[in-house]
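Read the structure below first, then the notes.
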Protein chains: 2
Amino acid sequence: MNIGDVANCSGLPAKTIRYYEEIGLVQPLRSANGYRTFRESDVHRLAFLGRARALGFTIEDCRSLLKLYADTDRASAEVKQIAEEHLERIDRKIAELTEMRATLAHLVDACAGDQRPDCPILADLATAQEEDCH
Amino acid sequence: MNIGDVANCSGLPAKTIRYYEEIGLVQPLRSANGYRTFRESDVHRLAFLGRARALGFTIEDCRSLLKLYADTDRASAEVKQIAEEHLERIDRKIAELTEMRATLAHLVDACAGDQRPDCPILADLATAQEEDCH
DNA sequence: ATTGACCTTCCAGCAGGTGGAACCCCTATC
DNA sequence: GATAGGGGTTCCACCTGCTGGAAGGTCAAT
């Protein structure tokens with residue numbers, strides 16, 4: 001299988017697949033003309049990567065997960081730990097965004113959004129935390 | 001005011017302040033020895049930036065917001081539009097993360113997390129979307 | 001004179017790709 | 001045989017928003 005076919009069926013852009021090879025996540029063979037040749041196992045790895053990335057795992061997480069996946073003697077605890085840490089990262093991110101959202105929604109709500117210059121959004125950005133410097 | 005003082009009272013690292021100067025968000029003066037000298041207005045701009053960044057606005061948003069802030073003839077509608085677009089970005093991001101979270105939490109829940117190799121997390125990553133390539 | 005805390009510039013790197021240039025390969029068609 | 005098209009290849013630069021570090025200048029106090 002050439003890279004274009006793999007891109008088609010894995011959903012990953014060819015560029016990304018090349019990048020994954022570059023950083024050692026997948027090692028396709030090469031045919032005589034220099035083209036990458038992907039085995040079923042390579043395609044499988046790429047599908048795995050696509051799915052893991054879609055769940056937001058970092059590339060390093062993916063690397064660990066692939067290693068564990070290949071190791072049939074792994075303890076599921078190791079996998080679970082990676083997933084749990086990622087879950088916590090996601091929760092922290094959601095909390096952060098939710099807080100931003102609340103503040104921002106409040107400001108947007110207070111802003112008339114007309115031709116007049118008065119704007120609570122700018123006012124807030126300009127005046128918040130003035131206590132730091134006298 | 002030197003950069004260290006500004007860093008202290010704005011909460012922004014000195015590195016970040018230099019970076020903001022480099023990309024033209026703030027233009028401190030220079031004293032004879034080459035040190036950056038920040039006026040009250042510069043400090044104010046930096047505080048504005050810190051606050052806007054904390055709300056998740058991009059640097060380009062910040063640039064626009066600062067321009068609008070400086071223009072006393074602005075229409076609040078322009079500000080509101082930037083904020084609303086950002087709010088939508090945040091909402092999309094939250095939705096994305098929430099979906100990830102749900103899937104991941106489900107998988108983590110199903111995983112025993114013990115010494116045995118059986119792992120629903122890996123199983124899911126390995127088998128999802130197999131229909132793309134026969 | 002020297003120490004230590006400032007400040008300066010410049011260069012490299014992070015994550016995770018993406019875009020583009022310049023070029024090779026393969027098949028089909030005229 | 002020339003050419004057009006649709007693959008593929010490499011390499012290099014760029015994106016966001018900083019951050020770290022090296023190498024060096026400055027300033028106040030000892």
Side-chain angles (χ1 to χ4, degrees), chain A residues 1-38 42-43 45-46 48-66 82 85-86 89-90 92-93 96-97 100, chain B residues 1-38 42 45-46 48-66 85-86 89-90 92-93 96-97 100:
Chain A
M1 250 178 148
N2 283 348
I3 199 165
D5 311 314
V6 179
N8 260 338
C9 79
S10 73
L12 295 171
K15 280 266 178 192
T16 300
I17 298 173
R18 288 193 197 99
Y19 174 65
Y20 286 173
E21 183 192 19
E22 193 187 324
I23 63 174
L25 289 179
V26 70
Q27 276 127 334
L29 303 171
R30 294 289 177 140
S31 55
N33 58 13
Y35 286 17
R36 286 169 184 82
T37 299
F38 296 82
D42 295 318
V43 178
R45 271 177 91 83
L46 286 166
F48 186 106
L49 282 165
R51 179 88 176 136
R53 291 288 300 132
L55 285 178
F57 284 106
T58 66
I59 291 287
E60 284 319 301
D61 283 344
C62 291
R63 206 185 290 281
S64 308
L65 290 171
L66 278 171
I82 293 173
E85 280 166 16
H86 180 40
R89 282 200 308 261
I90 290 179
R92 278 195 299 276
K93 193 73 194 167
E96 189 190 332
L97 288 170
M100 281 181 187
Chain B
M1 252 181 146
N2 282 349
I3 199 165
D5 312 313
V6 179
N8 261 338
C9 81
S10 73
L12 296 171
K15 279 266 178 192
T16 300
I17 298 173
R18 286 193 197 100
Y19 174 65
Y20 286 172
E21 182 193 20
E22 193 186 323
I23 62 175
L25 289 179
V26 70
Q27 276 128 332
L29 303 172
R30 295 289 177 140
S31 56
N33 59 13
Y35 287 17
R36 286 168 184 84
T37 298
F38 295 82
D42 296 317
R45 270 177 92 83
L46 286 166
F48 186 105
L49 281 166
R51 179 88 175 135
R53 292 287 300 132
L55 285 179
F57 284 106
T58 66
I59 290 287
E60 283 319 301
D61 283 344
C62 290
R63 205 184 292 279
S64 308
L65 290 171
L66 278 171
E85 279 166 15
H86 180 39
R89 280 199 310 261
I90 291 179
R92 277 195 299 275
K93 193 72 193 170
E96 189 191 332
L97 287 171
M100 280 181 189

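Each chain gets a letter, A, B and so on, in the order its sequence line appears, and its residues count up from 1.
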Could you list, one pair per line, each protein nitrogen or oxygen that sits under 3.5 Å from a nitrogen or oxygen of nucleotides 3-7 of chain D, together with the distance?
residue	atom	partner	partner atom	Å
D:dG7	N2	A:Tyr35	OH	2.9

Residues in side chain to side chain contact (heavy atoms under 4.5 Å, CB included) with [X], at least two apart?
X: A:Thr58; answer: A:Glu60, A:Asp61, A:Arg89
X: A:Glu96; answer: A:Lys93, A:Met100
X: B:Thr37; answer: B:Leu29, B:Ser31

*asked:* I need the full list of salt bridge (charged side-chain N to carboxylate O under 4.0 Å, His left out) pairs touching residues 24-36 of chain A, with sequence neighbours left out, sorted by first then second residue.
replied: A:Glu21-A:Arg30, A:Glu21-A:Arg36
*What nucleotide among D:dC27, D:dG17, D:dT19 has an atom nearest to a side-chain atom of B:Ile59?*
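Among D:dC27, D:dG17, D:dT19, the one nearest the side chain of B:Ile59 is D:dG17.
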*Output all residues satisfying side-chain hydrogen bond (donor to acceptor under 3.5 Å, both in side chains) with B:Glu85, sequence neighbours left out; order by chain, then residue number.*
B:Gln81
*Can you name the residues that form a salt bridge (charged side-chain N to carboxylate O under 4.0 Å, His left out) with B:Glu22, not counting sequence neighbours?*
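If we apply the salt bridge (charged side-chain N to carboxylate O under 4.0 Å, His left out) test to B:Glu22, skipping adjacent residues, there are no hits.
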*asked:* Near DNA chain D, counting only heavy atoms under 4.0 Å, which residues of residues 20-28 of chain A show up?
replied: none
*5' to 3' on DNA chain C, which nucleotides open and close the contacts with chain A (atom under 4.0 Å from a heavy atom)?*
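Nucleotide range with atoms under 4.0 Å of chain A: C:dG16 to C:dC26.
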_Run the ring pair (Phe, Tyr, Trp, His ring centres under 6.0 Å) test against B:Phe38 and tell me which residues pass, sequence neighbours left out._
none
*Between the two ends of the helix from C:dA1-D:dT30 to C:dC30-D:dG1, what is the bend in degrees, rounded to 10 degrees, where each end axis spans five pairs?*
40°
